[in-house]
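To keep things clear, I will list the structure first and then write my remarks on it.
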Amino acid sequence: MSKLLTVFGATGRQGGSVIRTVLADKTLSSHYKLRGITRDITKPNAKALSDKGVEVVSADMTSLDSLAKALKNTHSVFLVTNPPWTENSTVELEQGKAVAEAAKQAGVQHIIFSSLLNVTETTGGRLKDVPHFDQKAQVEKHIRSLGLNASFVLPGYFMSNYTSMGMIRRGEDGVYSLAYPVAEDAKFPLVDIDNDLGKYVAIALKNPSKTSGRQILAAIEYYTVTRILQEFEQVTGHKTRFVKVDNETYKSFMPGYLGLEMLENHLFVEEPGYYNGKSLEESQGLLAEAGFKATTWKEFLEANKGSFA
């Protein structure tokens, strides 16, 4: 009999990747029925999921009553919280704690949470303005405190940042520039979030006993800025340049508090490191054991050449 997997953020990048991976995998699709949680079930993306046989449900992620209905009969949960990108908001922490409490009350057997490191704690308070990391880490801590059977997937630095956020931009001279407040040898653990996040979640779905209580680092490899640009040139044929900017200039690229948050996010990548120096080897081994292969930066570029035309 199929077990019910409830996926939060079903129409978003991470939840959408999980659903696509489960539907495409013979083993997972035979073991799990899918319920997708989204804020608006009338949107085209939600209807598209319904057309694929996914039960689509709307829920308020801060309401225990709403979540109780959303999690009814659920065996496993994929949870991703939504950063508000505003100062002093604790919405991610509130969402995560509420879903965890509701999952425990509903008798959920396995929760897979999209987590990250606590920047403030890891840096001893040197960097304290990256709440979209810190609050996820606090949710992870709360999930562990409840005694839930849980696995934690920590997404790397999105390859799509270079397309959707326009981080690599064409100048008037035709050269494509990448501006960062870090050195060229800073290491970015890259992940194709749309294609690959679901694969890392699938590790936990296929072998929950092996991943229970563990962190899975969802990134194919550490790429320096130099290598990112070198491979960009090789695939696209465009010339590139790296521009190291000072902290104040980098903050000015984005409005208000977001500028500070993104600055400190990137300073964290440089020191002590996105995953605080942890190797990706173990997670890549688990991915291979589950029968999956992650997308390389070159492969991502080949598939998205048109974004840099």
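Keep in mind that the numbers below use all heavy atoms, side chains included, and drop hydrogens, waters and symmetry copies.
Checking Thr6 against Thr74 by side-chain atom types alone, a donor-acceptor pair falls below 3.5 Å. In the model, Gln14 has a side-chain atom that pairs as donor or acceptor with a side-chain atom of Ser114 under 3.5 Å. A donor-acceptor contact under 3.5 angstrom links the side chains of Gln215 and Glu140, judged on distance only. A donor-acceptor contact closer than 3.5 angstrom is absent between the side chains of Asp40 and Thr38. Ser160 and Arg13 are linked by a side-chain donor-acceptor pair at a separation below 3.5 angstrom, with hydrogens and angles left out of the test. Side-chain atoms of Tyr223 and Gln230 form no donor-acceptor pair, as typed in the model, at a separation below 3.5 Å. For the residue pair Arg241/Ser177, the side-chain donor-acceptor check at 3.5 Å is satisfied. Between the side chains of Tyr257 and Asp129, at least one donor N or O sits under 3.5 Å from an acceptor N or O. Side-chain polar atoms of His31 and Ser2 form no donor-acceptor pair below 3.5 angstrom. Using a 3.5 Å distance cut-off with no hydrogens or angles, the side chains of Asp134 and Thr120 do pair a donor with an acceptor. The closest side-chain donor-acceptor pair between Thr240 and Glu233 falls under 3.5 angstrom.
In terms of heavy atoms, Tyr222 sits closest to Gly277 at OH-C, 4.5 Å. Nearest approach of Leu148 to Ala100, heavy atoms of both residues: CD1-O, 3.7 Å. Heavy-atom minimum distance, Ile41 versus Ser58: CG2-N, 3.5 Å. When every heavy atom of Glu270 is checked against every heavy atom of Ala183, the shortest pair comes out as OE2-N, 2.8 Å. Pairing each heavy atom of Lys69 with each of Arg35, the nearest pair is O-NH1, 4.2 Å. Looking at every heavy atom in both residues, Val153 comes nearest to Pro155 through O-CD, 3.2 Å.
Without hydrogens or angle criteria, Asp60 side chain to Ser66 main chain gives no donor-acceptor distance under 3.5 Å. Not a single donor-acceptor pair under 3.5 Å links the side chain of Lys251 to the backbone N or O of Leu260. For the pair Arg170 (side chain) and Phe308 (backbone), a donor-acceptor distance under 3.5 Å is absent. Judged by distance alone, with hydrogens and angles left aside, the side-chain atoms of Glu55 form no donor-acceptor pair with the main-chain N or O of Ser50 at under 3.5 Å.
Classification of Lys210 and Glu289 as a salt-bridged pair holds, one side-chain N sitting under 4.0 Å from a carboxylate O. With respect to Glu231 and Arg227, a salt bridge is recorded, a charged nitrogen being found less than 4.0 Å from a carboxylate O.
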Please assess Tyr274 against Phe133 for the test ring pair (Phe, Tyr, Trp, His ring centres under 6.0 Å), listing each intermediate value before the final yes or no.
-> CA-CA 10 Å; Tyr274 192 102; Phe133 271 59; 5.3 Å; yes
Given Leu280 and Ile220, is the side chain to side chain contact (heavy atoms under 4.5 Å, CB included) satisfied, shown in steps?
-> CA-CA 7 Å; Leu280 302 177; Ile220 184 169; over 6 Å; no
When you look at Thr226 and Phe242, which way does the side chain to side chain contact (heavy atoms under 4.5 Å, CB included) test go after all the steps?
-> CA-CA 8 Å; Thr226 300; Phe242 170 63; over 6 Å; no
Would you check, one step at a time, whether the test ring pair (Phe, Tyr, Trp, His ring centres under 6.0 Å) holds for Tyr180 with His266?
-> CA-CA 8 Å; Tyr180 274 145; His266 287 83; 5.0 Å; yes
Test log, rule side chain to side chain contact (heavy atoms under 4.5 Å, CB included), inputs Ile112 and Leu205 = CA-CA 8 Å; Ile112 305 167; Leu205 289 172; 3.6 Å; yes
Before giving the answer on side chain to side chain contact (heavy atoms under 4.5 Å, CB included), spell out for Phe268 and Val130 the whole-Å C-alpha distance, their side-chain angles and the decisive distance to 0.1 Å.
-> CA-CA 9 Å; Phe268 183 67; Val130 195; 5.6 Å; no
Does the salt bridge (charged side-chain N to carboxylate O under 4.0 Å, His left out) test come out yes or no for Arg20 and Asp25, once each step is laid out?
-> CA-CA 9 Å; Arg20 288 190 297 273; Asp25 187 274; over 6 Å; no
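Two residues are said to be in side-chain contact when any heavy atoms from C-beta on lie closer than 4.5 Å; Glu261 and Pro131 meet this criterion. Residues Asn149 and Ile111 fail the side-chain proximity criterion, which asks for heavy atoms closer than 4.5 Å. Val99 has its side chain within reach of Met61: a pair of non-hydrogen atoms, C-beta onward, lies under 4.5 Å apart. Taking the side chain as every heavy atom from C-beta outward, Ser63 and Leu67 never approach each other to under 4.5 Å. Using a 4.5 Å heavy-atom cutoff, the side chains of Leu5 and Val77 are not in contact. For the pair Glu221 and Thr296, the minimum side-chain heavy-atom distance is 4.5 Å or more. Within the 4.5 Å cutoff, the side chain of Ile203 has heavy atoms near those of the Leu287 side chain. Looking at Trp85 and His132, their side chains come closer than 4.5 Å, going by heavy atoms from C-beta outward.
A single hydrophobic cluster is not seen to contain both Leu79 and Val54; linkage of ILVMFWY side chains at heavy-atom distances under 4.5 Å, directly or through other members, places them apart. Note on Phe158: it does not cluster hydrophobically with Leu229, by side-chain heavy-atom contacts below 4.5 Å among ILVMFWY residues.
Considering Val201, Leu154, Ile143 in turn, Ile143 is the only one that fulfils the side-chain contact (heavy atoms from CB on, under 4.5 Å) rule with Phe113. No option in Asp196, Asp194, Asn195 other than Asp196 meets the side chain to side chain donor-acceptor pair (under 3.5 Å) test with Thr295.
The aromatic ring centres of Trp297 and Phe188 sit 6.0 Å or more apart. Outside the 6.0 Å centre-distance limit, the rings of Phe232 and Tyr162 are not counted as a close aromatic pair. In this structure, Tyr275 has its ring center no closer than 6.0 Å to that of Tyr157.
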